[in-house]
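Structure first, then comments.
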2 protein chains.
Amino acid sequence: MNHPIDTYKFFFGALANPNRLQIINILRQGKKNVGEICKATGFEQTMVSHNLKVLEHHGMVFMEKQGKYRYYSVNKKTIKPLLEFIDAHMEEYCCKILEKKR
Amino acid sequence: MNHPIDTYKFFFGALANPNRLQIINILRQGKKNVGEICKATGFEQTMVSHNLKVLEHHGMVFMEKQGKYRYYSVNKKTIKPLLEFIDAHMEEYCCKILEKKR
DNA sequence: ATATCACATGATATTTTTGTCATATCATGA
DNA sequence: TCATGATATGACAAAAATATCATGTGATAT
């Protein structure tokens, strides 16, 4: 875990999960607490909490306590441009692949 | 597999593997055939071939036949800036995490 | 003080991903 | 045509990631 390769694995591993990506996607609209995320995604609370923990641990979302609520927000500086970057890659190199539902 | 979320999962999934990342890393030096990749990484041929297939399928490397050799090259337009981008993110948000070997 | 709501944590079974083994293909040269 | 070298493919066991279940913690209100 000090080789740069592990660093990338660490980073991409956190994003290689559709539920975490969906949570990120919801948070792109603005900060939300756990209950709101559950409602918006239809996911169970414990699953959301586990995945938020991973995302937070990777610096991809931030957390802020407010009474008994915990508000999560996406790391806009990093994540937003990253997703846009990938949109461009997918558009150019992967559209055909995706059409035939891999 | 038509929701944008699946698109991201598709993308990140391909990169969330240390052996594939190492292959990409080797290819950053320039195009190489399978045997050369094996030698450079110490990986077995079948494993390298399987992983190259994944990377090619995702538009992250390109392949070019030359006689009985197959030369692979990294998609520099996408991969290089992506890795640099992640370096910056890791530097800013994940350095402490990585130091204590997660 | 205690009940309740919001959320986190730990353990584990299940799913997914991965590497390996055996084998196939494809190109080249004898 | 056959042998050999280079690489790909398929099947499957092992490893890793994940969701779920049960339970724990912390804040607020009564």
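Lettering follows sequence order; numbering is per chain, from 1.
Nearest-nucleotide positions on DNA chain D for B:His50 and B:Glu36 put B:Glu36 closer to the 5' end. Residue whose closest nucleotide on DNA chain D sits further toward the 5' end, between A:Asn17 and A:Gln45: A:Asn17.
Computed from coordinates, the B:Leu21 CG to C:dT18 P distance equals 10 Å when rounded to whole Å. Following rounding to the nearest Å, A:Ile37 (CD1) and C:dC7 (C1') show an atom-to-atom distance of 11 Å. Atom CE of A:Met47 and atom P of C:dT9 are 17 Å apart (whole Å). As a whole-Å value, the separation of B:Phe43 CZ from D:dA6 P is 20 Å. Atom CD in B:Glu44 sits about 16 Å away from atom P in D:dA6, given to the nearest Å. To the nearest angstrom, C1' of D:dT9 lies 14 Å from CG of B:Leu52.
Proximity of B:Arg20 to the phosphate of C:dT18: a side-chain N or O atom is located under 4.0 Å from OP1 or OP2. OP1 or OP2 of D:dA17 has at least one side-chain nitrogen or oxygen of A:Lys9 nearer than 4.0 Å.
Side chain of A:Glu36 to backbone of A:Asn33: a donor-acceptor contact under 3.5 angstrom is found. Counting only distance, with no hydrogens or angles, the side chain of A:His57 and the backbone of A:Lys53 share no donor-acceptor pair below 3.5 Å. Checking side-chain atoms of B:Arg20 against main-chain N and O of B:Ala14 turns up a donor-acceptor pair under 3.5 Å.
Ring-plane geometry between B:His58 and B:Phe10 is classed as parallel, the angle between the planes falling under 30 degrees on a 0 to 90 degree scale with a further cut at 60.
Contacts of residues 62-74 of chain B with DNA chain D (heavy atom under 4.0 Å): B:Lys68, B:Tyr69, B:Arg70, B:Tyr72.
Contact annotation: the side chain of A:Val48 never approaches that of A:Tyr72 to less than 4.5 Å [non-hydrogen atoms, C-beta and beyond]. Between A:Val74 and A:Lys80 there is no side-chain heavy-atom pair separated by less than 4.5 Å.
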